[in-house]
Amino acid sequence: MTQIVLSSVSKRYPGGHDALANITLTVETGELVFITGHSGAGKSTLLKLMAAIERPTSGSVIVNGQNIGTLRARGIPFLRRNFGLVFQDHKLLFDRNAFENVMLPLDITGYDRRESARRARAALDKVGLLHKEKARPIALSGGEQQRLCIARAIVHRPAVLLADEPTGNLDAEYATEIGTLFSDFNQVGVTVVLATHDAQLAARLDPRIVNIRGGRLVA
Amino acid sequence: MRAWASAHRRACVSAFARLTATPLANLLNITVIGIALALPLGFYVVLANLQGLARDFSPQPEISIFLVAEATAADVRVLELRLKSRAGLAGFRFVPRAQALEQLKSRSGLADVAAGLSGNPLPDAFVVTAGAGDAAALETLRAEFAAWPKVAEAHVDSDWARRLDRLLAVGRYAVLMLAAALALALVAITFNTIRLQILTQRDEIEVAKLIGATDGWIQRPFLYFGGLIGIAGGITAWLLTALALLVFNNQLGTLAGLYGVPLKLTHLFWADSLFALLFAAGLGWFGAWLSVRRHLSAHNPS
């Protein structure tokens, strides 16, 4: 049961730029939530606050009953293991192949090697990349890289999937494919929070939509 | 527990992989560390050998007891009996004043001096060979003799052995200081090596942290790497020292042959060698730990 509760959250970056102001938002377990808005509206910051990549300047972010603002540094890794993160820039490691990229989260949690390999192949199969498990990310297309990033995000079966512009640089066909993937995960009970400015995607999947503009919620 | 062991095994394997990934750079590093460690190690070996030599060659210490000038034959007899009954002495001999003067005359350069003397200014003396005993025991013995009746003064004749002992102690300090300085260098070298590694693996560290790796998990391969570099440097130092001894002993053999004494420097015993290796590994680990602590905190959330 992973619930995310933001109360009156503000984030000000050094230099005085207010990325978010007074955001109050609850994401319930099993929800499919789209955070929409123009680029620069604060979508990414919102996701970063949820995953404890950044701490709020004021207000509280509570994940699983733990307050991210006051969480000690050594507790953060364990909190993050509840999440699967899909990054806009993929953040794949180019010095290893697709299979090894997907193995990384399991290595980190100290999973049994054989069980890890089985799960990694299952995750690759799920995103349709099993036949490319030996390929380096550099040899994959943009859509394939995005799917590989998704495989890495789901391989440890997280309760929550956080995705930042997962269809950002993809053409419509790829975007549909990836949208369907997220919808599938949500069907089996995974909470999905997705930041996007892709209106088509939102229209097709019928999620709960949270619109932000200039760092504030728009009703 | 099994997960813990496998995490360490994986870290170790990954450290080995990093070692072989850039063989030339690491080989150079290891050589530098090896040479830095070989210096104090070599000095230590020479010192340990000198100490052994000093122990072997040092004659049994002697104490000279000089009697007062007006001592009579009866006094000499009393003292002789007293020395005979004194336990713990290896032996003693009596040197009458006349004999001492003869000895003085026979010594080149001093004959003229002796001839110029109107009488015999030298006292009767006993030369006592003490049994086993360190400097402190000798000193108490000397004080005891000096307090006996009719004894003017008593001298310990093994000052040179004591001086050598002090000299070796100074040498030990010098080696210690050298070792400390070069240990610092080793720590600095691993610190910098690990810093460069962290820079080249920034992506991996960042991603690992984002998906829930603990600091311990990220640090471990670096720490193992530091330890490995240290051990490899230690082995290099040991081998360099062994090589130097081999060459040195060759030359020393020729020299020793001329004097008819067996002279040969021996390498460290295995226990000392093991200690040196562990010490080097510990330093490497420490350098890596400092570096990792310094450079990983940058990825924490703000």
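Labels below follow one simple rule: chain letters A, B, ... track the order of the sequence lines, proteins then strands, and each chain is numbered from 1. Note that the coordinates shown come from a computational prediction; the quantities given were computed from them, not determined experimentally.
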Inset, instruction - Report the option among A/Arg152, A/Arg113, A/Arg81 that has the most heavy-atom pairs separated by less than 4.5 Å from atoms of chain B. - result: A/Arg81

Inset, instruction - Take atom CZ of B/Phe275 as the centre, draw a 6.0 Å sphere, and report whether it contains more than 12 heavy atoms from other residues, nucleotides or ligands. - result: no

Legend entry - Atom CZ of A/Arg216: over 12 foreign heavy atoms under 6.0 Å: no

Legend entry - A/Phe78 side chain reached by B/Thr214 side chain, heavy atoms, under 4.5 Å: yes

Inset, instruction - Determine the minimum heavy-atom distance between B/Lys209 and A/Arg80, stating which atoms define it. - result: O-NH1, 2.8 Å

Legend entry - Part of A/Arg96 lying under 4.5 Å from any heavy atom of chain B: side chain

Inset, instruction - With a 4.5 Å cut-off on heavy-atom pairs, point out which of B/Val207, B/Leu210, B/Ile218 contacts chain A the most. - result: B/Leu210

Legend entry - Student check: side-chain heavy atoms of A/Asp107 and B/Trp217 closer than 4.5 Å: yes

Inset, instruction - Check the surroundings of atom OH in B/Tyr44: do more than 12 heavy atoms from other residues, nucleotides or ligands lie under 6.0 Å from it? - result: no

Legend entry - Min side-chain heavy-atom separation B/Asp203-A/Phe94 under 4.5 Å: no

